[in-house]
Amino acid sequence: MSSSIAKAGGTAVEGDTVPIELDAGPFPGERLDRFLAKCLPQFSRTRLQRWIEQGAVRWDEQVLTRRHRLVGIELIQVEPQPSEAESAFGPEPVEFQVHHQDADILVIDKQAGLVVHPGSGNWHGTLLNGLLHRFPAQTAVPRAGIVHRLDKDTSGLLVVARSESAMASLGAQLADRSMGRRYLALVQGRVDDEGEIDQPIWRDPVVRTRMAVAPFGSGRVARTRYRLLATGSLGPRPVSLLECRLFTGRTHQIRVHLRHVGAPIVGDEAYGGAQNPICPRQALHAWRLGLKHPGTGAFIEWRSGLPDAMQALLQSAGIDLDAAMKRAERSFN
(Lines give C-alpha, C1' and ligand atoms only; values in the text may rest on other atoms or scores of the structure.)
Protein backbone atom coordinates (compact mmCIF):
# COMPACT_ATOMS: atom_id res chain seq x y z
CA MET A 1 0.00 0.00 0.00
CA SER A 2 1.31 3.43 -0.90
CA SER A 3 2.30 5.60 2.03
CA SER A 4 -0.06 8.24 0.68
CA ILE A 5 -3.04 5.96 1.51
CA ALA A 6 -2.14 5.70 5.16
CA LYS A 7 -5.58 6.99 6.24
CA ALA A 8 -7.57 4.87 3.83
CA GLY A 9 -7.89 1.99 6.29
CA GLY A 10 -6.43 -0.54 3.86
CA THR A 11 -5.92 -1.03 0.16
CA ALA A 12 -9.06 -0.17 -1.79
CA VAL A 13 -10.43 -2.88 -4.07
CA GLU A 14 -13.27 -3.31 -6.56
CA GLY A 15 -16.63 -3.06 -4.79
CA ASP A 16 -15.45 -0.81 -1.94
CA THR A 17 -17.90 1.93 -1.01
CA VAL A 18 -16.08 3.28 2.06
CA PRO A 19 -14.44 6.64 1.23
CA ILE A 20 -10.67 6.55 0.71
CA GLU A 21 -8.50 9.35 2.12
CA LEU A 22 -5.26 10.15 0.31
CA ASP A 23 -2.58 12.44 1.71
CA ALA A 24 -1.31 14.76 -1.03
CA GLY A 25 1.66 15.91 1.06
CA PRO A 26 4.37 14.09 -0.97
CA PHE A 27 2.94 15.28 -4.32
CA PRO A 28 2.94 19.11 -4.52
CA GLY A 29 2.34 20.34 -8.05
CA GLU A 30 1.00 17.01 -9.31
CA ARG A 31 -2.18 17.02 -11.38
CA LEU A 32 -5.09 15.32 -9.62
CA ASP A 33 -5.75 12.60 -12.21
CA ARG A 34 -2.08 11.59 -12.26
CA PHE A 35 -1.94 11.59 -8.47
CA LEU A 36 -4.93 9.24 -8.28
CA ALA A 37 -3.42 6.92 -10.89
CA LYS A 38 -0.24 6.64 -8.79
CA CYS A 39 -2.03 6.09 -5.49
CA LEU A 40 -4.81 3.80 -6.74
CA PRO A 41 -3.21 1.63 -9.45
CA GLN A 42 -5.80 -1.11 -8.86
CA PHE A 43 -8.33 1.08 -10.70
CA SER A 44 -8.03 2.01 -14.38
CA ARG A 45 -7.22 5.60 -15.33
CA THR A 46 -10.50 5.76 -17.26
CA ARG A 47 -12.48 4.79 -14.18
CA LEU A 48 -10.64 7.22 -11.93
CA GLN A 49 -11.28 10.04 -14.40
CA ARG A 50 -14.96 9.08 -14.51
CA TRP A 51 -15.13 9.32 -10.72
CA ILE A 52 -13.63 12.80 -10.91
CA GLU A 53 -16.25 13.77 -13.51
CA GLN A 54 -19.00 12.35 -11.27
CA GLY A 55 -17.89 14.54 -8.36
CA ALA A 56 -16.67 11.61 -6.27
CA VAL A 57 -13.26 13.21 -5.55
CA ARG A 58 -13.22 16.11 -3.06
CA TRP A 59 -11.04 18.12 -0.77
CA ASP A 60 -12.64 19.65 2.33
CA GLU A 61 -16.12 19.59 0.74
CA GLN A 62 -14.86 21.05 -2.56
CA VAL A 63 -15.44 18.95 -5.69
CA LEU A 64 -12.20 18.79 -7.71
CA THR A 65 -11.54 18.63 -11.44
CA ARG A 66 -8.89 16.42 -12.99
CA ARG A 67 -6.78 19.47 -13.83
CA HIS A 68 -6.53 20.48 -10.17
CA ARG A 69 -2.89 20.91 -9.19
CA LEU A 70 -2.08 19.65 -5.73
CA VAL A 71 -0.72 22.15 -3.25
CA GLY A 72 0.56 19.36 -1.02
CA ILE A 73 -1.63 20.15 1.99
CA GLU A 74 -4.78 18.36 0.80
CA LEU A 75 -6.40 15.30 2.29
CA ILE A 76 -8.21 14.02 -0.79
CA GLN A 77 -11.45 12.06 -0.28
CA VAL A 78 -12.35 9.52 -2.97
CA GLU A 79 -15.73 7.76 -2.97
CA PRO A 80 -15.35 4.59 -5.09
CA GLN A 81 -18.37 4.26 -7.37
CA PRO A 82 -19.79 0.74 -7.87
CA SER A 83 -20.71 -0.61 -11.27
CA GLU A 84 -24.34 0.50 -10.86
CA ALA A 85 -23.08 4.08 -11.08
CA GLU A 86 -21.95 3.63 -14.66
CA SER A 87 -25.50 4.20 -15.96
CA ALA A 88 -26.76 6.43 -13.14
CA PHE A 89 -25.39 9.78 -14.27
CA GLY A 90 -27.79 10.49 -17.13
CA PRO A 91 -30.75 12.80 -17.81
CA GLU A 92 -34.15 11.80 -16.42
CA PRO A 93 -37.38 13.82 -16.06
CA VAL A 94 -37.44 14.67 -12.36
CA GLU A 95 -39.59 17.44 -10.89
CA PHE A 96 -37.93 20.12 -8.75
CA GLN A 97 -38.39 23.83 -8.12
CA VAL A 98 -35.86 26.40 -9.35
CA HIS A 99 -35.86 29.29 -6.87
CA HIS A 100 -33.36 31.43 -8.84
CA GLN A 101 -31.35 31.04 -12.03
CA ASP A 102 -28.82 33.06 -13.99
CA ALA A 103 -25.79 32.38 -16.18
CA ASP A 104 -23.62 31.31 -13.24
CA ILE A 105 -25.80 29.51 -10.69
CA LEU A 106 -29.09 27.79 -10.00
CA VAL A 107 -30.69 27.95 -6.55
CA ILE A 108 -32.94 24.93 -6.03
CA ASP A 109 -35.76 24.73 -3.48
CA LYS A 110 -35.66 20.98 -2.91
CA GLN A 111 -38.74 19.09 -1.79
CA ALA A 112 -38.51 16.42 0.91
CA GLY A 113 -38.13 12.93 -0.53
CA LEU A 114 -35.83 13.94 -3.40
CA VAL A 115 -32.32 12.47 -3.34
CA VAL A 116 -29.72 15.00 -4.49
CA HIS A 117 -27.03 12.71 -5.95
CA PRO A 118 -27.05 9.09 -7.15
CA GLY A 119 -25.73 6.63 -4.59
CA SER A 120 -26.29 3.26 -3.01
CA GLY A 121 -29.97 2.36 -3.23
CA ASN A 122 -30.82 5.57 -5.16
CA TRP A 123 -29.20 5.33 -8.57
CA HIS A 124 -32.01 7.04 -10.52
CA GLY A 125 -34.65 9.73 -10.07
CA THR A 126 -32.28 12.13 -8.28
CA LEU A 127 -31.88 15.89 -8.51
CA LEU A 128 -28.70 15.34 -10.54
CA ASN A 129 -30.65 13.33 -13.12
CA GLY A 130 -33.30 16.07 -13.25
CA LEU A 131 -30.69 18.80 -13.70
CA LEU A 132 -29.17 17.00 -16.68
CA HIS A 133 -32.65 16.63 -18.21
CA ARG A 134 -33.83 20.23 -17.70
CA PHE A 135 -30.44 21.90 -18.25
CA PRO A 136 -28.44 19.74 -20.71
CA ALA A 137 -25.42 22.08 -20.53
CA GLN A 138 -24.86 20.84 -16.98
CA THR A 139 -23.23 17.76 -18.50
CA ALA A 140 -20.12 19.93 -19.00
CA VAL A 141 -19.85 20.59 -15.24
CA PRO A 142 -18.57 17.93 -12.81
CA ARG A 143 -21.38 16.39 -10.77
CA ALA A 144 -23.84 18.43 -12.87
CA GLY A 145 -22.73 21.46 -10.83
CA ILE A 146 -23.86 20.14 -7.42
CA VAL A 147 -21.48 21.52 -4.79
CA HIS A 148 -23.30 20.55 -1.59
CA ARG A 149 -26.19 18.30 -0.62
CA LEU A 150 -29.30 18.12 1.50
CA ASP A 151 -30.45 14.81 2.95
CA LYS A 152 -33.29 13.07 1.13
CA ASP A 153 -35.90 14.06 3.72
CA THR A 154 -34.57 17.58 4.34
CA SER A 155 -36.24 20.31 2.31
CA GLY A 156 -35.01 23.73 1.27
CA LEU A 157 -32.32 25.65 -0.58
CA LEU A 158 -29.11 24.49 -2.22
CA VAL A 159 -26.95 26.06 -4.93
CA VAL A 160 -25.79 24.50 -8.21
CA ALA A 161 -22.90 25.83 -10.33
CA ARG A 162 -23.37 26.30 -14.08
CA SER A 163 -19.67 26.33 -15.00
CA GLU A 164 -16.38 25.01 -13.67
CA SER A 165 -15.33 28.53 -12.65
CA ALA A 166 -18.56 29.02 -10.70
CA MET A 167 -18.06 25.60 -9.12
CA ALA A 168 -14.55 26.55 -8.02
CA SER A 169 -15.86 29.80 -6.48
CA LEU A 170 -18.68 28.07 -4.60
CA GLY A 171 -16.39 25.25 -3.50
CA ALA A 172 -13.93 27.79 -2.09
CA GLN A 173 -16.76 29.47 -0.15
CA LEU A 174 -17.74 26.15 1.36
CA ALA A 175 -14.12 25.45 2.25
CA ASP A 176 -13.51 28.82 3.92
CA ARG A 177 -16.94 28.71 5.67
CA SER A 178 -18.13 31.97 4.09
CA MET A 179 -21.28 30.48 2.52
CA GLY A 180 -24.19 31.11 4.87
CA ARG A 181 -26.52 28.14 5.40
CA ARG A 182 -29.32 28.34 7.97
CA TYR A 183 -31.89 25.71 8.87
CA LEU A 184 -35.10 25.52 10.86
CA ALA A 185 -35.47 22.42 13.02
CA LEU A 186 -38.27 21.35 15.36
CA VAL A 187 -36.66 19.28 18.09
CA GLN A 188 -37.83 17.30 21.09
CA GLY A 189 -37.40 18.81 24.53
CA ARG A 190 -36.46 22.22 25.86
CA VAL A 191 -33.24 23.79 24.63
CA ASP A 192 -31.08 26.68 25.88
CA ASP A 193 -31.67 30.05 24.26
CA GLU A 194 -28.53 29.56 22.18
CA GLY A 195 -25.50 27.35 21.99
CA GLU A 196 -22.73 25.92 19.87
CA ILE A 197 -21.89 22.28 19.23
CA ASP A 198 -18.27 21.74 18.26
CA GLN A 199 -17.95 17.98 18.01
CA PRO A 200 -16.17 15.92 15.32
CA ILE A 201 -18.22 13.49 13.27
CA TRP A 202 -17.42 10.08 11.79
CA ARG A 203 -19.35 7.13 10.44
CA ASP A 204 -21.20 5.21 13.16
CA PRO A 205 -19.05 2.12 13.82
CA VAL A 206 -22.16 -0.01 14.52
CA VAL A 207 -24.79 1.26 12.05
CA ARG A 208 -22.85 2.15 8.90
CA THR A 209 -25.73 4.12 7.34
CA ARG A 210 -25.59 6.64 10.19
CA MET A 211 -23.04 9.15 11.41
CA ALA A 212 -22.03 9.75 15.02
CA VAL A 213 -20.03 12.11 17.22
CA ALA A 214 -16.44 10.90 17.26
CA PRO A 215 -13.89 11.02 20.08
CA PHE A 216 -11.71 14.13 19.99
CA GLY A 217 -8.67 13.55 17.84
CA SER A 218 -10.62 11.46 15.33
CA GLY A 219 -13.38 12.06 12.82
CA ARG A 220 -13.85 15.30 10.91
CA VAL A 221 -14.25 18.73 12.48
CA ALA A 222 -17.91 19.76 12.67
CA ARG A 223 -19.42 22.93 14.14
CA THR A 224 -23.07 23.94 14.45
CA ARG A 225 -24.51 27.01 16.18
CA TYR A 226 -28.17 27.20 17.18
CA ARG A 227 -30.64 29.58 18.80
CA LEU A 228 -34.12 29.10 20.19
CA LEU A 229 -36.98 30.71 18.25
CA ALA A 230 -40.07 29.28 20.00
CA THR A 231 -41.35 26.51 22.26
CA GLY A 232 -44.49 24.38 22.20
CA SER A 233 -45.67 20.83 22.74
CA LEU A 234 -46.86 17.87 20.71
CA GLY A 235 -49.18 16.03 23.06
CA PRO A 236 -47.23 15.49 26.30
CA ARG A 237 -43.86 16.14 24.62
CA PRO A 238 -42.29 19.61 24.84
CA VAL A 239 -40.71 20.76 21.58
CA SER A 240 -38.48 23.65 20.53
CA LEU A 241 -38.11 25.43 17.20
CA LEU A 242 -34.45 26.16 16.50
CA GLU A 243 -32.52 28.02 13.86
CA CYS A 244 -29.23 26.27 13.13
CA ARG A 245 -26.24 27.75 11.36
CA LEU A 246 -23.66 25.50 9.72
CA PHE A 247 -19.97 26.34 9.87
CA THR A 248 -19.05 22.98 8.36
CA GLY A 249 -21.10 20.67 6.17
CA ARG A 250 -20.60 17.09 7.31
CA THR A 251 -23.02 14.33 6.43
CA HIS A 252 -26.11 14.47 8.72
CA GLN A 253 -24.32 17.15 10.79
CA ILE A 254 -27.31 18.97 12.29
CA ARG A 255 -29.14 15.70 12.95
CA VAL A 256 -26.13 14.15 14.71
CA HIS A 257 -25.26 17.26 16.72
CA LEU A 258 -28.81 17.87 17.96
CA ARG A 259 -29.17 14.24 19.00
CA HIS A 260 -25.85 14.56 20.84
CA VAL A 261 -27.22 17.39 23.03
CA GLY A 262 -30.42 15.47 23.75
CA ALA A 263 -32.66 17.26 21.25
CA PRO A 264 -33.33 14.92 18.32
CA ILE A 265 -35.31 16.36 15.42
CA VAL A 266 -39.00 15.46 15.39
CA GLY A 267 -39.60 12.71 12.84
CA ASP A 268 -35.92 11.76 12.52
CA GLU A 269 -36.22 8.13 13.58
CA ALA A 270 -32.65 7.33 12.51
CA TYR A 271 -31.37 9.66 15.25
CA GLY A 272 -33.96 9.16 17.98
CA GLY A 273 -36.73 11.51 16.91
CA ALA A 274 -40.34 10.39 17.37
CA GLN A 275 -42.40 10.15 14.20
CA ASN A 276 -45.41 12.43 13.79
CA PRO A 277 -48.13 11.74 11.20
CA ILE A 278 -48.62 15.45 10.48
CA CYS A 279 -45.11 15.68 9.03
CA PRO A 280 -43.94 12.13 8.24
CA ARG A 281 -40.26 13.00 7.83
CA GLN A 282 -37.57 14.85 9.77
CA ALA A 283 -38.70 18.41 10.58
CA LEU A 284 -35.62 20.08 9.10
CA HIS A 285 -35.70 22.81 6.42
CA ALA A 286 -32.86 24.79 4.80
CA TRP A 287 -34.62 28.14 4.90
CA ARG A 288 -31.83 30.62 4.17
CA LEU A 289 -28.83 30.57 1.83
CA GLY A 290 -26.27 33.35 1.38
CA LEU A 291 -23.21 33.47 -0.84
CA LYS A 292 -20.88 35.63 -2.88
CA HIS A 293 -22.15 35.46 -6.44
CA PRO A 294 -19.46 33.84 -8.65
CA GLY A 295 -20.17 36.24 -11.51
CA THR A 296 -20.79 39.62 -9.87
CA GLY A 297 -18.98 39.24 -6.56
CA ALA A 298 -22.03 40.59 -4.71
CA PHE A 299 -23.27 38.85 -1.57
CA ILE A 300 -26.84 37.61 -2.13
CA GLU A 301 -29.30 35.82 0.16
CA TRP A 302 -32.37 33.74 -0.63
CA ARG A 303 -35.14 32.50 1.67
CA SER A 304 -37.51 29.57 1.41
CA GLY A 305 -40.84 29.37 3.21
CA LEU A 306 -41.61 26.33 5.36
CA PRO A 307 -43.38 23.49 3.52
CA ASP A 308 -47.05 22.99 4.37
CA ALA A 309 -46.40 19.85 6.44
CA MET A 310 -43.91 21.62 8.70
CA GLN A 311 -46.24 24.61 9.07
CA ALA A 312 -49.02 22.26 10.14
CA LEU A 313 -46.68 20.58 12.62
CA LEU A 314 -45.76 23.92 14.21
CA GLN A 315 -49.42 24.89 14.38
CA SER A 316 -50.20 21.59 16.12
CA ALA A 317 -47.41 22.36 18.60
CA GLY A 318 -48.94 25.78 19.36
CA ILE A 319 -46.02 27.70 17.85
CA ASP A 320 -46.64 31.11 16.25
CA LEU A 321 -44.63 30.84 13.02
CA ASP A 322 -44.83 34.55 12.17
CA ALA A 323 -43.41 35.55 15.55
CA ALA A 324 -40.71 32.89 15.30
CA MET A 325 -39.63 34.07 11.85
CA LYS A 326 -39.36 37.66 13.08
CA ARG A 327 -36.85 36.39 15.65
CA ALA A 328 -35.07 34.46 12.90
CA GLU A 329 -34.55 37.68 10.93
CA ARG A 330 -32.41 39.13 13.70
CA SER A 331 -28.63 38.98 13.40
CA PHE A 332 -27.18 35.53 14.07
CA ASN A 333 -23.38 35.23 14.00
Side-chain angles (χ1 to χ4, degrees), residues 6-9 18-21 23 58-62 73-77 79 116 147-154 156 158 171 173-229 231 238-274 281-290 328 332-333:
K7 296 191 178 183
V18 176
I20 307 164
E21 292 190 337
D23 181 4
R58 298 189 297 277
W59 169 40
D60 198 17
E61 304 179 50
Q62 181 178 355
I73 62 172
E74 300 96 333
L75 186 63
I76 304 294
Q77 289 92 37
E79 293 183 9
V116 171
V147 294
H148 65 117
R149 307 187 195 189
L150 296 177
D151 295 338
K152 175 182 178 180
D153 289 327
T154 298
L158 73 157
Q173 292 179 57
L174 284 167
D176 68 15
R177 324 301 186 204
S178 60
M179 186 181 292
R181 291 171 289 168
R182 300 188 186 185
Y183 295 71
L184 297 174
L186 186 69
V187 304
Q188 294 173 192
R190 293 285 183 255
V191 181
D192 293 339
D193 286 347
E194 59 182 55
E196 184 171 301
I197 309 166
D198 190 353
Q199 295 283 344
I201 288 175
W202 65 357
R203 192 164 295 279
D204 191 310
V206 177
V207 183
R208 301 296 291 172
T209 57
R210 293 193 317 213
M211 307 300 287
V213 165
F216 277 104
S218 59
R220 302 187 68 193
V221 172
R223 179 180 167 215
T224 306
R225 185 172 294 171
Y226 66 86
R227 63 176 171 181
L228 179 65
L229 299 179
T231 59
V239 293
S240 302
L241 179 64
L242 306 182
E243 183 185 26
C244 300
R245 180 179 176 186
L246 285 180
F247 290 89
T248 54
R250 310 306 178 203
T251 302
H252 299 179
Q253 178 176 318
I254 292 176
R255 300 164 65 190
V256 172
H257 273 172
L258 291 177
R259 179 195 188 189
H260 179 70
V261 298
I265 297 172
V266 173
D268 189 2
E269 291 185 293
Y271 291 100
R281 52 98 169 182
Q282 61 214 29
L284 181 63
H285 180 69
W287 86 280
R288 191 165 171 175
L289 174 69
F332 182 30
N333 297 319

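Here, residue 1 is the first one in the sequence, and each next residue gets the next number. Being a predicted model, the structure only gives us computed values, none of them experimental.
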Working for side chain to side chain contact (heavy atoms under 4.5 Å, CB included), residues E194 and Y226 | CA-CA 6 Å; E194 59 182 55; Y226 66 86; 5.5 Å; no
Tell me, do [X] and [Y] make a side-chain contact under 4.5 Å, heavy atoms counted?
X	Y	value
F332	R227	yes
L284	I254	yes
R245	R181	no
V147	L174	yes
C244	L258	yes
L228	L242	yes
I197	V261	yes
R220	P200	no

Output, in order, the C-alpha distance, side-chain angles, deciding distance and verdict of side chain to side chain contact (heavy atoms under 4.5 Å, CB included) for L246 and R225.
-> CA-CA 7 Å; L246 285 180; R225 185 172 294 171; over 6 Å; no
Can you name the closest pair of heavy atoms from [X] and [Y] and give their distance?
X	Y	result
R177	R250	NH2-NH2, 4.0 Å
Q188	G272	NE2-O, 3.9 Å
L289	L158	CD2-C, 4.1 Å
R190	P238	NH1-CB, 3.3 Å
W287	L184	CD1-CG, 3.5 Å
Y183	T154	CE2-CG2, 4.3 Å

Backbone N or O of [Y] within a donor-acceptor pair of the [X] side chain at under 3.5 Å?
X	Y	answer
R203	A212	no
H285	A185	no
S240	V187	no
R281	D153	yes
D176	S178	yes

Evaluate side chain to side chain contact (heavy atoms under 4.5 Å, CB included) for V221 paired with F247, printing each intermediate quantity in order.
-> CA-CA 10 Å; V221 172; F247 290 89; over 6 Å; no
Would you mind checking if [Y] and [X] are paired as a salt bridge, meaning a charged N to carboxylate O distance below 4.0 Å?
X	Y	answer
E79	R58	yes
R210	D204	yes
R259	D268	no

Using ring pair (Phe, Tyr, Trp, His ring centres under 6.0 Å) as the criterion, list what pairs up with H252, not counting sequence neighbours.
->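 Result, ring pair (Phe, Tyr, Trp, His ring centres under 6.0 Å) vs H252: Y271.
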Say you draw a straight line from OG1 of T248 to CZ of R223; how long is it, rounded to the nearest 0.5 Å?
-> 8.5 Å
The reported gap from CG in D23 to CG in L75 (rounded to nearest 0.5 angstrom) is 6.5 Å
Residue E196 excluded, over 12 heavy atoms near CD under 6.0 Å | yes
Going through the distances and angles, do T251 and R149 end up as a side chain to side chain contact (heavy atoms under 4.5 Å, CB included)?
-> CA-CA 9 Å; T251 302; R149 307 187 195 189; over 6 Å; no
So, Q253 versus T224: side-chain donor-acceptor pair below 3.5 Å or not?
->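 The answer is yes; a qualifying pair exists.
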